[in-house]
Novice: 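Let me give you the structure first, and then I'll get to my questions.
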Amino acid sequence: MARIGRVTFSKTGKSISYGGRTFQSLKGSGFKANYFDVETGERFWISGPRKDGKDRLNPDSSAPVEIDPDVAEEYWREIRGELFRDAAEN
């Protein structure tokens, strides 16, 4: 599943945090993953949002994209250039 939310970067820039989890870069050594959870080792693909809405590792996927409520309006307005959509429409 794809998710859109706000991450924070550590002071050193070596890790990012999201949803109470901390991730570090795989530094190019991952397959279909570029970060890992420092506590569990689980691997993830983390990237910025796309203007064309193909916000998934596989852009042709029809899997739903979940948008965190605290960034939804900003995502639709600033990234997609559209009017805000209600969470039920995401």
Side-chain angles (χ1 to χ4, degrees):
M1 173 198 342
R3 174 177 299 279
I4 295 174
R6 188 174 318 280
V7 302
T8 56
F9 293 86
S10 67
K11 289 181 182 180
T12 63
K14 293 183 179 182
S15 65
I16 59 176
S17 297
Y18 172 78
R21 299 170 89 170
T22 301
F23 303 91
Q24 285 187 340
S25 174
L26 287 167
K27 299 179 182 174
S29 67
F31 176 71
K32 294 191 176 184
N34 58 357
Y35 283 87
F36 69 96
D37 182 315
V38 297
E39 288 187 23
T40 67
E42 187 177 3
R43 293 176 171 216
F44 294 87
W45 180 262
I46 299 175
S47 66
R50 293 176 48 132
K51 289 183 180 188
D52 64 6
K54 295 183 177 182
D55 298 300
R56 300 169 185 84
L57 177 59
N58 177 359
D60 297 326
S61 171
S62 61
V65 175
E66 290 191 15
I67 303 172
D68 290 350
D70 64 320
V71 299
E73 184 174 357
E74 180 182 0
Y75 170 75
W76 287 109
R77 185 183 65 244
E78 302 296 326
I79 305 299
R80 298 292 298 277
E82 299 179 19
L83 295 176
F84 172 65
R85 296 184 184 184
D86 186 86
E89 297 178 30
N90 292 336

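Here the structure is a predicted model, which is why all the values come from computation and not from measurement.
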Novice: Please give me the minimum heavy-atom distance between Val71 and Ile4, naming the atom from each residue.
Specialist: CG2-O, 3.8 Å
Novice: Is there any side chain to side chain donor-acceptor pair (under 3.5 Å) pair reaching into residues 20-34, and which pairs are they, with sequence neighbours excluded?
Specialist: Arg21-Asp37, Arg21-Glu42
Novice: Can you give me the closest heavy-atom contact between Phe23 and Ile46, atom names plus distance?
Specialist: CG-CD1, 3.9 Å
Novice: List the atom of Asp68, the atom of Gly5, and the distance in Å for their closest heavy-atom pair.
Specialist: OD2-CA, 3.4 Å
Novice: Find out whether Trp76 and Ile67 are in side-chain contact, i.e. whether some heavy atom of one side chain is under 4.5 Å from a heavy atom of the other.
Specialist: yes
Novice: Among residues at least two apart in sequence or on other chains, which ones pass side chain to side chain contact (heavy atoms under 4.5 Å, CB included) with Phe9?
Specialist: Val7, Ile16
Novice: What residues join Trp45 in its hydrophobic cluster, counting side-chain heavy atom gaps under 4.5 Å, either direct or through other members?
Specialist: Leu57
Novice: Which salt bridge (Lys or Arg N to Asp or Glu O under 4.0 Å) pairs, counting each pair once, include a residue from residues 44-53, with sequence neighbours left out?
Specialist: Arg50-Asp52
Novice: Hey, what do you get for OH (Tyr35) to OH (Tyr18), rounding to the nearest 0.5 Å?
Specialist: 15.0 Å
Novice: Asp60: what forms a side chain to side chain contact (heavy atoms under 4.5 Å, CB included) with it, not counting sequence neighbours?
Specialist: Asn58
Novice: Quick one: side chain to side chain contact (heavy atoms under 4.5 Å, CB included) partners of Glu66, sequence neighbours excluded?
Specialist: Met1, Arg3
